[in-house]
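In what follows, a single structure is set out as structure tokens and then discussed.
Quick note on labels: first sequence line is chain A, next is B, and so on, each numbered from 1. Everything numeric in this text was worked out from a predicted model, so none of it was measured.
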There are 2 protein chains.
Amino acid sequence: MEALRKHFEKFITLSENEWQDLQVCLTKETIKKKNLLLKENERCDFIAFIHEGIFRFYSFNDDAERITAFFFSGDFVSNYRSFLTGKPSEHNIEALADGVIYKIKLEQLKQLYDKHQTFERLGRLIAENLYLTVADRLDSFMFQTPADRYNELVKRNSKLLLEIPQYMLASYLGITPETLSRIRARK
Amino acid sequence: MEALRKHFEKFITLSENEWQDLQVCLTKETIKKKNLLLKENERCDFIAFIHEGIFRFYSFNDDAERITAFFFSGDFVSNYRSFLTGKPSEHNIEALADGVIYKIKLEQLKQLYDKHQTFERLGRLIAENLYLTVADRLDSFMFQTPADRYNELVKRNSKLLLEIPQYMLASYLGITPETLSRIRARK
DNA sequence: AATTCTCCTTGACCAAAGTCAATAAATACA
DNA sequence: TGTATTTATTGACTTTGGTCAAGGAGAATT
């Protein structure tokens, strides 16, 4: 639970009182490798803080799985679009390893927004952060070649390289496993 | 000014008092066609509400201009990344037509955030909205072919089709003018 | 009205990534 | 330990979009 508090405090400082109110909203869950945290067509009514574990966020395009994102311990994981709009998710979230998470439900978060201005601000900061993350990723798809994207990933994100099989990385980079293998070969 | 109030009220209801506080922060500006609202390497310290006009958001990749977004009357325009992070902009914002805008500066917005919880919420809602916009665009680049993207644009965004020359649309779709011309030809 | 730009189209060719198929290497597991 | 399965590599071929170049249509300017 302390890890969780530290993580929130990267965004904002919580008073003892606010932290208490937050804690009662959080429910701890465990999840086994290969199980789904969220299924296609379900509404995503939660945000989960990952205490332990790895998750992949993917959907089906025709018949092929396409991975949009990975999440690690210390991250928040959710289908944020479904969470914000109330529309059913077009994606699945799958545990790639056994995990422990803390969930907060939409309804309870709304109550926190109303109760303390601090949470309203936290909500803003999280949304701003997510904006920056997606905007970066959009840029990489608009302006970079697959090789560029792979090199950047190598530079920045050794965690992905160590923990994720190559065919999933390829999907995440928007290319086929064959192409990724060739990119790696010609270096 | 009433148009502006209506626009904010799409997001949130402002009390008379809050609306007064907001108004004193807004400065009206006019801008001529082909002039820049923001230059590469400048910090973007404002968000502008477009009362009248059309803007394009673009940068240079090697020597070629690449357009990331268009903005119309009723939209907020800004380099939101630069605005949030304080880093210099990698993009230009150019007026494609004579325009009238209302600017609010970062410093003043921060003061509003502190003064009224309502503005904190407004800030959150705007960030959430921008998130959804970029996330949609990322999806279109990850999962769709250029022809798909063009067809979607035809379906949804007749404003772009009417007001924007084809070679700029091509850039916005991430393809060359030649390719867009061919996509249109084979229908 | 003539000239000059700007924008769009079309063709020939090229490069990058996808597809399909075979094989090799690594890992899981019985 | 040996077998089966999953993952990674390589080759031959195809597809898609980019590049370069030429030409034409429209709009703006003189």
Side-chain angles (χ1 to χ4, degrees), chain A residues 32-35 54 56 58-68 70 94-98 137-138 140-154 158-187, chain B residues 32-35 54 56 58-68 70 94-98 137-138 140-154 158-187:
Chain A
K32 286 277 171 205
K33 184 173 173 169
K34 296 205 174 171
N35 282 13
I54 307 178
R56 65 191 260 256
Y58 71 98
S59 60
F60 291 91
N61 200 234
D62 300 302
D63 247 10
E65 282 182 22
R66 290 294 300 274
I67 298 173
T68 303
F70 295 102
E94 186 197 76
L96 294 177
D98 292 355
R137 197 159 151 74
L138 174 59
S140 80
F141 271 84
M142 283 189 64
F143 296 115
Q144 298 189 299
T145 63
D148 291 341
R149 286 202 289 283
Y150 175 71
N151 292 331
E152 194 111 318
L153 191 137
V154 170
S158 52
K159 218 194 290 182
L160 282 180
L161 290 167
L162 293 173
E163 314 252 18
I164 308 289
Q166 204 168 297
Y167 74 96
M168 286 193 188
L169 288 184
S171 173
Y172 176 70
L173 294 171
I175 56 180
T176 59
E178 292 95 326
T179 297
L180 179 52
S181 175
R182 285 178 181 121
I183 287 172
R184 284 159 45 84
R186 61 171 191 253
K187 299 228 306 181
Chain B
K32 286 277 171 207
K33 183 171 174 170
K34 296 205 176 173
N35 281 13
I54 307 177
R56 65 191 261 253
Y58 71 98
S59 60
F60 291 93
N61 200 235
D62 301 303
D63 246 11
E65 283 182 20
R66 291 293 299 273
I67 298 174
T68 303
F70 296 102
E94 186 198 75
L96 294 178
D98 292 355
R137 196 158 151 75
L138 174 59
S140 80
F141 271 85
M142 285 190 64
F143 296 115
Q144 298 189 301
T145 63
D148 292 340
R149 286 202 290 283
Y150 175 71
N151 292 331
E152 194 111 318
L153 192 137
V154 170
S158 52
K159 219 195 290 183
L160 281 180
L161 290 167
L162 293 173
E163 314 252 18
I164 307 290
Q166 205 168 296
Y167 73 98
M168 286 194 188
L169 287 184
S171 173
Y172 176 70
L173 294 170
I175 56 179
T176 59
E178 292 94 328
T179 297
L180 179 52
S181 175
R182 284 177 182 121
I183 288 172
R184 285 158 45 84
R186 61 169 191 255
K187 299 229 308 180

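C/dC7 atom C1' lies 17 Å from atom CD of B/Glu163, rounded to whole Å. The OH-C1' distance, from B/Tyr167 to C/dC7, rounds to 8 Å in whole Å. Taking atom CD on B/Gln166 and atom P on C/dT10, their separation rounds to 11 Å, with Å as the unit. Rounded to whole angstrom, the span from the CD1 atom of B/Ile164 across to the P atom of C/dT6 amounts to 18 Å. One can place CZ of A/Arg184 at 15 Å from P of C/dA25, the figure rounded to the nearest angstrom. Here C/dT27 presents its P atom at 13 Å from NZ of A/Lys33, a figure rounded to the nearest Å.
Considering only heavy atoms from C-beta on, A/Leu161 comes within 4.5 Å of A/Tyr150 through its side chain. A/Ile175 has its side chain within reach of A/Ile183: a pair of non-hydrogen atoms, C-beta onward, lies under 4.5 Å apart. A 4.5 Å side-chain heavy-atom check between A/Lys159 and A/Phe70 finds every atom pair outside the cut-off.
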Nucleotide N/O of nucleotides 11-20 of chain C paired with protein N/O under 3.5 Å:
from: C/dG11; atom 1: N7; to: B/Arg182; atom 2: NH2; distance (Å): 2.6
from: C/dG11; atom 1: O6; to: B/Arg182; atom 2: NH2; distance (Å): 3.1
from: C/dA12; atom 1: N6; to: B/Arg182; atom 2: NH2; distance (Å): 3.3
from: C/dG18; atom 1: OP2; to: A/Thr176; atom 2: N; distance (Å): 3.4
from: C/dG18; atom 1: OP2; to: A/Thr176; atom 2: OG1; distance (Å): 3.2
from: C/dG18; atom 1: OP2; to: A/Thr179; atom 2: OG1; distance (Å): 2.5
from: C/dT19; atom 1: O4; to: A/Arg182; atom 2: NH1; distance (Å): 3.4
from: C/dC20; atom 1: N4; to: A/Glu178; atom 2: OE2; distance (Å): 3.1

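With sequence neighbours left out, A/Arg56 forms a salt bridge (Lys or Arg N to Asp or Glu O under 4.0 Å) with A/Glu65, A/Glu94.
Between atom CG of residue A/Leu173 and atom CG of residue A/Asp148 there is a gap of 11.0 Å, rounded to the nearest 0.5 Å.
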Would you please test A/Tyr172 and A/Arg137 for side chain to side chain contact (heavy atoms under 4.5 Å, CB included) and show each step? CA-CA 11 Å; A/Tyr172 176 70; A/Arg137 197 159 151 74; 3.3 Å; yes
